[in-house]
Amino acid sequence: MPSRRWLLRGLLGGMGAVTACRSTNLQVTRLTMGIVRYDAAGRSLEQYERFRDYLADQIQALVELEPVLNELNAVEKVQRLSWAIVFAPPGLAAIAISEFQYLPIFPMQGSGNARSVLIVREDSPIETLGDLAYQAIALGETGSAAGYYLPLYDLYGLTLSEIRFAPTPKTILEWVSQETVAAGALSEEEFQQYRREFNSVRFRVLHSSRPIPPGAVLLSPTVDRNQQQRIQTAMTSAPASILGDAGYLPNADVPNYDQVIQVVETVKPIEAQARQTPAVLTPAH
């Protein structure tokens, strides 16, 4: 029986990277698999490690797992083509596909009717998007469809006193609850998840966006066609427990990101102004 050698854990980027490989062959292919906010979807790092170990065994490659805390870090990794395999939320998927030629191979589990919501305190006098003019709001990081691109798209044309960028969805609700900002944007799922932690404050939804497609598993253009086929075959044939761990659907069509890509392209001309004070959400001339 061939011996197994499990590689030691090492640090990579701001968080740890974990590697696994069944083969002792020193010429083995090395692939890095990126995931974003693995705990936000209710999946632990251990669950992704089980998938990584399965994939490494099936394709006889060294597979390295690299989690990052938010989409901003993930966009940097995708831009540098650092990740061969990406478990991408929808905003990141749209950028990776349209700008960096990543290939979507499987959809992630999740509803095709997910939405971005703008949240205010229940006692806030704000009733419409227009009432946010010259107010401070909170958004998520660049790369997030629900926390960044869709709210900027829906607020297009307004002038805001300030936009604050929060590192996590929970931080957005904290700022709204403390009245540091008048409103904040996050996904509807994240809102339902975190609102329970604010017992002394009630929130309401000011605005809901258009539907957002689920995320996708992507392959980098640096992965050659033979390796791509091996990865897809292994992922399609994965046992149910592994599919549950990783949270993708092997026999479903990949999402259509055309509308998300259009939103990203519309927002790009106002991104610089969004970080100024005041934030004038119209293109500079």
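Side-chain contact of Thr277 with Glu162: a donor-acceptor pair under 3.5 Å is absent, judged by distance alone. A donor and an acceptor atom, one from each side chain of Arg225 and Gln228, are nowhere located under 3.5 Å apart. Between the side chains of Arg275 and Thr142, at least one donor N or O lies within less than 3.5 Å of an accepting N or O. When only modelled atom types and interatomic distance are considered, Tyr148 and Glu271 share a side-chain donor-acceptor pair under 3.5 Å.
For the residue pair Ala182 and Val120, the shortest heavy atom distance occurs at O-CG1, 3.4 Å. The shortest heavy-atom contact between Leu92 and Ala74 is CD2-CB, 3.6 Å. Here the closest non-hydrogen pair linking Pro104 and Ile97 is CG-CD1, 3.9 Å. Shown here for Ala166 and Glu141, the closest heavy-atom pair between the two residues is O-CG, 3.8 Å. Taking both residues in full, the closest heavy atoms of Gly215 and Pro255 are given as O-CG, 3.9 Å, listed atom of the first, atom of the second, then distance. The minimum heavy-atom distance between Ile212 and Ser116, with the atom names listed, is CD1-N, 3.6 Å.
Between Tyr102 and Pro221 the shortest side-chain heavy-atom distance falls below 4.5 Å. Using a 4.5 Å heavy-atom cutoff, the side chains of Leu132 and His207 are not in contact. Inter-residue side-chain proximity for Pro211 and Arg115 is flagged as met; some heavy-atom pair is nearer than 4.5 Å. Residues Ile105 and Val254 fail the side-chain proximity criterion, which asks for heavy atoms closer than 4.5 Å. Put simply, the side chain of Ser220 does not reach to within 4.5 Å of the side chain of Trp83, judged on heavy atoms. Here the side chains of Tyr248 and Pro214 are not in contact, with every heavy-atom distance at 4.5 Å or above. Looking at heavy atoms from C-beta onward, Leu45 lies in side-chain contact with Pro67 at the 4.5 angstrom threshold. Using a 4.5 Å heavy-atom threshold, the side chains of Leu55 and Leu31 count as separate.
Hydrophobic clustering (ILVMFWY, side-chain heavy atoms < 4.5 Å, transitive): Tyr156 and Val263 are in one cluster. The cluster map of Ile, Leu, Val, Met, Phe, Trp and Tyr, joined by side-chain heavy atoms under 4.5 Å apart, puts Ile270 and Phe165 in the same cluster. Two different hydrophobic clusters hold Val264 and Leu72 under the rule that ILVMFWY side chains link at heavy-atom gaps under 4.5 Å. In the hydrophobic clustering of ILVMFWY residues, with side-chain heavy atoms under 4.5 Å counting as a link, Phe100 and Tyr257 come out together.
Rounded to the nearest 0.5 Å, atoms CD1 (Ile59) and CD1 (Ile231) are 4.5 Å apart. Taking CG of Leu139 as the start and CG of Leu155 as the end, the distance is 7.5 Å to the nearest 0.5 Å. The distance from atom CZ of Arg52 to atom CG of Asp245, rounded to the nearest 0.5 Å, is 12.0 Å. Taking CD1 of Ile137 as the start and CD1 of Ile119 as the end, the distance is 12.5 Å to the nearest 0.5 Å. The CG atom of Leu249 lies 11.5 Å from the OG1 atom of Thr236; values are rounded to the nearest 0.5 Å. Separating the CD1 atom in Ile85 from the CD atom in Gln227 is a distance of 8.0 Å, to the nearest 0.5 Å.
Partners of Gln276 according to the side chain to side chain donor-acceptor pair (under 3.5 Å) rule, which considers only residues two or more places apart in sequence or in another chain, do not exist here. For Gln229, the side-chain contact (heavy atoms from CB on, under 4.5 Å) criterion is met by Thr233, not counting sequence neighbours. Phe203 pairs by the ring pair (Phe, Tyr, Trp, His ring centres under 6.0 Å) definition with Phe198, not counting sequence neighbours. Residues meeting the side-chain contact (heavy atoms from CB on, under 4.5 Å) test with Thr168, sequence neighbours left out: Lys170, Thr171. With sequence neighbours left out, Arg210 forms a salt bridge (charged side-chain N to carboxylate O under 4.0 Å, His left out) with no residue at all. For Phe87, the ring pair (Phe, Tyr, Trp, His ring centres under 6.0 Å) criterion is met by Tyr48, Phe51, not counting sequence neighbours.
In this structure a side-chain-to-backbone donor-acceptor pair under 3.5 Å is missing from Glu197 to Tyr194. In this structure, Asp53 contributes its side chain and Arg50 its backbone to no donor-acceptor pair below 3.5 Å. A donor-acceptor contact shorter than 3.5 Å is absent between the side chain of Glu71 and the backbone of Val36. Within the 3.5 Å criterion, the main-chain N or O of Val176 finds no donor-acceptor partner in the side chain of Glu179. Looking only at distances, no side-chain donor or acceptor of Tyr134 sits under 3.5 Å from a matching main-chain atom of Pro278.
Using a 4.0 Å cut-off between charged nitrogen and carboxylate oxygen, Arg204 and Glu127 count as a salt-bridge pair.
Other residues, nucleotides and ligands contribute only 12 or fewer heavy atoms inside 6.0 Å of the CD atom of Glu46. Counting heavy-atom neighbours within 6.0 Å of Asp224 CG, excluding the residue itself, gives a total above 12.
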